[in-house]
Amino acid sequence: MKNYSINSNLNFKAKPIPKSVIDKTKNELLAKSINKIDIYCHSSADEDTINSAKVFYNWLTRNGKDVKICVPKAEVEKLYFSSNEYNLKGSDSVVPDKSIVLDFNSKERLSSEYIDLFKNNSPQNIIGYDHHTLSNILNGDFYVDDSAKSCCGVLTRFFEGLGEKLSKNDRKNLYCGMISDYKKSGLLSLNRTENGYNLIKKDKLLKDKNSLEVFDKLDKSIGNKDKQEIYTHLDPLARLTNDEKQLQEKLFSELQVSPNGKMAYVIIPPNDNLWKKVGMDTPTTSEILKDLRVQVSTNSQNVTFLSMEQKQKMKDVDTVIAFYQKDNEYRMSIHSKSNSALKLIDYIKENINPNLIAGGHADRAGGKVDSLKKEDVNNFINSFIKASTIL
């Protein structure tokens, strides 16, 4: 049997988590000497990271631990989350006995509010569970299965291996995070009808034995009423405000195409008035941008928002990037039907900008520049347009 040493970064292709890894995590976190534990969500928190945190939080508090979640309150207001049910880490600068990192492994994804606090942690006291490709990794003991399609899926395997029965609410939490990330990866879709939502499994999911198995186990454990509640929550496009509808139409109309015709992109300039009016980077605007990227990258010819002229220009597009502002950063998010997201990022790092902050999956990824200066933003955008020639 392998020995999994502390402060190693582990990457397994085996789908169930090795029992030795689970036992090691359990023994370290539930030891009597361990009391205070912080759980870190990634910046621009989404359903997968926050629902992973909720389930881990519930497990640890049931075992008598003092737990706090490191996530800005403003980022979880529209997520499947109730702030009054969980302790969020605020101005408390107390370094915990252990820290858990969920749904990310790179330094770039640390929330700016908690960077200094995280630096005070000893790597020996950091445990992580994730499903993203290793990139500029944080020091700690990480289990990463980058063949998994959600962190909630990885944690479903964790509790399965732990042999602990999850509560109804925890199963719902994992299901919500999993559905959210599966939608992003094009494994499934939600079809809105007069009588509720129908969940449609795509071929991509049906061919992914592990992702399908994990999903089916959760799906069978949740009643239809609870499913419909989660599906409704995960469809903010059904309840857009007039300003959000205006933004959605504007973004589709302003899509541009790279010189080789294989990449489409939309640019929301820094300090854009409409972007500011809708709250900039929120769960709803994130869904608007994701919907645009997925629709255009998978089948631009069926996108109702596009004109016939646009459809002609985008007939060969398989990769879509949205550029946008988040606070004092400028960001990008990619969806790629041809799995070119990481190819673009690697090309830029090797040939244009070795200091590019970006990473993710082959089919979807993200990145940023810590500046809103015109020159920095233009260089950031142009690096991806130039890299698109390799698609």
Side-chain angles (χ1 to χ4, degrees), residues 4-15 17-18 21-22 24-25 28-29 37-53 55-57 69-71 75 89 96 98-158 177-178 180-181 184-185 210-211 329 331-334 341-342 345-346 349 355-368 370:
Y4 301 104
S5 62
I6 286 178
N7 202 27
S8 63
N9 287 283
L10 310 172
N11 191 350
F12 295 94
K13 292 299 180 182
K15 305 309 185 289
I17 300 175
V21 175
I22 294 173
K24 184 171 182 286
T25 297
E28 288 190 12
L29 294 179
I37 300 175
D38 286 350
I39 300 176
Y40 285 80
C41 295
H42 61 65
S43 61
S44 295
D46 61 12
E47 299 291 354
D48 195 31
T49 191
I50 196 62
N51 280 290
S52 295
V55 176
F56 231 94
Y57 178 103
I69 300 177
C70 296
V71 65
E75 291 189 5
K89 191 93 169 183
K98 290 285 183 178
S99 289
I100 314 297
V101 177
L102 297 176
D103 198 31
F104 71 107
N105 63 67
S106 68
K107 298 174 183 177
E108 293 84 3
R109 297 309 304 275
L110 266 173
S111 176
S112 59
E113 293 191 24
Y114 302 104
I115 288 177
D116 291 339
L117 174 67
F118 188 86
K119 288 178 180 177
N120 291 328
N121 282 271
S122 168
Q124 285 78 16
N125 293 329
I126 297 170
I127 297 172
Y129 280 84
D130 188 24
H131 69 115
H132 294 89
T133 303
L134 294 168
S135 174
N136 195 16
I137 53 179
L138 297 164
N139 289 325
D141 197 9
F142 280 79
Y143 174 85
V144 178
D145 178 0
D146 61 7
S147 69
K149 296 303 187 292
S150 78
C151 188
C152 282
V154 174
L155 292 193
T156 299
R157 289 295 198 192
F158 175 84
M178 188 182 296
S180 178
D181 259 28
K184 292 177 184 177
S185 295
N210 179 57
S211 297
E329 301 171 347
R331 298 195 168 206
M332 71 80 195
S333 294
I334 308 175
L342 292 182
I345 291 170
D346 289 342
K349 288 181 177 180
N355 298 316
L356 176 69
I357 302 171
H361 304 282
D363 60 343
R364 59 185 180 90
K368 67 177 182 176
D370 293 323

Taking all atoms of both residues into account, what is the closest heavy-atom pair of Ile345 and Ala358, and its distance?
-> CD1-CB, 3.8 Å
Quick check: does any side chain N or O of Asn210 sit under 3.5 Å from a backbone N or O of Ala148, one acting as donor and the other as acceptor?
-> no
Report the distance from atom CG of Asn105 to atom CG of Leu134, rounding to the nearest 0.5 Å.
-> 5.0 Å
Any donor-acceptor N/O pair, Arg109 side chain to Ser43 backbone, under 3.5 Å | yes
Is the backbone N or O of Gly153 less than 3.5 Å from a side-chain atom of Ser150, with the two atoms forming a donor-acceptor pair by type?
-> yes
Apply side-chain contact (heavy atoms from CB on, under 4.5 Å) to the pair Ile126 and Asn139, showing each step before the final yes or no.
-> CA-CA 8 Å; Ile126 297 170; Asn139 289 325; 5.8 Å; no
So which heavy atom on Tyr40 is nearest to which on Tyr114, and how close?
-> CE2-CB, 3.7 Å
Is the backbone of Cys152 close enough, under 3.5 Å, to the side chain of Asp48 for a donor and an acceptor to pair up by distance?
-> yes
Could you pull out the closest heavy-atom pair between Ile334 and Met332, with the gap in Å?
-> CG1-SD, 3.4 Å
For the residue pair Lys368 and Glu108, what are the closest heavy atoms and their distance?
-> NZ-O, 3.5 Å
Do the side chains of Leu117 and Asp38 get nearer than 4.5 Å, heavy atoms only?
-> yes
To the nearest 0.5 angstrom, please state how far the CE atom of Met178 sits from the CG atom of Asn51.
-> 10.5 Å
Return the minimal non-hydrogen interatomic distance between Asp46 and Asp103, and the atom names on each side.
-> OD1-OD2, 3.7 Å
Under-4.0 Å salt bridge between Asp346 and Lys349 = no
Polar side chain donor-acceptor pair, Asp363 to His361, under 3.5 angstrom | no
For Ser111 and Glu113, test the side chains for any donor-to-acceptor distance below 3.5 angstrom and give the result as yes or no.
-> no
Is there a side-chain contact (heavy atoms from CB on, under 4.5 Å) between Ile137 and Phe142 once you walk through the steps?
-> CA-CA 9 Å; Ile137 53 179; Phe142 280 79; over 6 Å; no
Start with the C-alpha gap between Phe158 and Tyr143, add the side-chain angles, then the distance that decides, and say whether ring pair (Phe, Tyr, Trp, His ring centres under 6.0 Å) holds.
-> CA-CA 10 Å; Phe158 175 84; Tyr143 174 85; 9.3 Å; no
Point-to-point distance, once rounded to the nearest 0.5 Å, from OG of Ser185 to NE2 of His131 | 7.5 Å
Do the side chain of Tyr129 and the main chain of Ser52 share a donor and acceptor less than 3.5 angstrom apart?
-> no
Donor-acceptor contact below 3.5 Å, side chain Asp116 vs main chain Lys119 | no
Roughly how far, to the nearest 0.5 Å, is the CG atom of Leu342 from the OG1 atom of Thr133?
-> 5.5 Å
Start with the C-alpha gap between Arg364 and Asp181, add the side-chain angles, then the distance that decides, and say whether salt bridge (Lys or Arg N to Asp or Glu O under 4.0 Å) holds.
-> CA-CA 11 Å; Arg364 59 185 180 90; Asp181 259 28; 3.2 Å; yes
Taking every non-hydrogen atom, the tightest pair across Ala45 and Glu75 = N-OE1, 2.9 Å
Give the C-alpha distance, both sets of side-chain angles, the deciding distance and a yes or no for side-chain contact (heavy atoms from CB on, under 4.5 Å) between Leu110 and Leu138.
-> CA-CA 9 Å; Leu110 266 173; Leu138 297 164; 3.9 Å; yes
Please round to the nearest 0.5 Å and tell me the distance separating atom CG of Leu155 and atom CG of Leu102.
-> 6.0 Å
With the threshold set at 4.0 Å, does a side-chain nitrogen-carboxylate oxygen contact exist between Asp145 and Arg157?
-> no
Pair Phe56-Ile127, side-chain contact (heavy atoms from CB on, under 4.5 Å): steps then yes or no | CA-CA 12 Å; Phe56 231 94; Ile127 297 172; over 6 Å; no
If only atom types and distance count, is the side chain of Asn125 paired as donor or acceptor with the main-chain N or O of Asn121 below 3.5 Å?
-> no
Can you tell me how far the NZ atom of Lys184 sits from the OG atom of Ser333, to the nearest 0.5 Å?
-> 9.0 Å
